[in-house]
Amino acid sequence: VAANLVKDISPSADTDPTDPLLAAYRTQVIVASALLEGGAFLNLTMTMITPFVGNLVAVAVLMFLMFLHVPSPSKLQYWLQDRRQELTSI
């Protein structure tokens, strides 16, 4: 997904799909989404076991947070610019 987003951004000499920063971004998104998804599934399972409505609320909140982590071209572009700026300032 992130590689396709890089292609959507205006191609330049420093935007290489094999860039290690892109791999780091991809890993960050996958890990964050997996943690949120695990919590959502756990709460969904608990909803089936117990009638506590708070578990459904937790599922809704975690799903919303997962939705916020979906990468977009602008998020990726800003993230890459920030990381490159941090690397050049070191």
Open item on the list: Let me check something: do Met63 and Met48 share a hydrophobic cluster, defined by ILVMFWY side-chain heavy atoms less than 4.5 Å apart, either directly or through other members?
Closed with: yes

Task: Interatomic spacing from CG in Leu56 to OG1 in Thr47 - rounded to 0.5 Å - done: 4.0 Å

Open item on the list: Using 0.5 Å steps for rounding, measure from the OG atom of Ser72 to the OH atom of Tyr78.
Closed with: 9.5 Å

TODO: Taking the side chain as every heavy atom from C-beta outward, state whether Tyr25 and Pro71 have any atom pair closer than 4.5 Å.
DONE: yes

Open item on the list: Please report the interatomic distance CG(Leu62) to OG(Ser33), rounded to the nearest 0.5 Å.
Closed with: 11.5 Å

Task: Spacing of Ile49 atom CD1 and Met46 atom CE [to the nearest 0.5 Å] - done: 5.0 Å

TODO: Look at atom CD of Gln85 and say whether more than 12 heavy atoms of other residues, nucleotides or ligands are closer to it than 6.0 Å.
DONE: no

Task: In one Ile/Leu/Val/Met/Phe/Trp/Tyr side-chain cluster, 4.5 Å: Leu87, Leu22 - done: yes

TODO: Would you please test Thr45 and Asn55 for side chain to side chain contact (heavy atoms under 4.5 Å, CB included) and show each step?
DONE: CA-CA 9 Å; Thr45 304; Asn55 290 326; over 6 Å; no

Task: Between CD1 on residue Ile30 and NE2 on residue His69, distance to nearest 0.5 Å - done: 13.0 Å

Open item on the list: Hydrophobic clusters here meaning ILVMFWY residues chained together by side-chain heavy-atom distances under 4.5 Å, can you tell me if Phe64 and Leu36 are in one?
Closed with: yes

Open item on the list: Quick check: is Leu76 connected to Val31 through a chain of hydrophobic side chains (ILVMFWY, heavy atoms under 4.5 Å apart)?
Closed with: no

Task: Charged N-O contact under 4.0 Å between Arg83 and Asp19 - done: no

Open item on the list: Counting C-beta onward and ignoring hydrogens, is there a side-chain heavy-atom pair between Val57 and Asn43 closer than 4.5 Å?
Closed with: no

Open item on the list: To the closest 0.5 Å, what do you measure between CG (Leu35) and CG (Leu65)?
Closed with: 12.0 Å

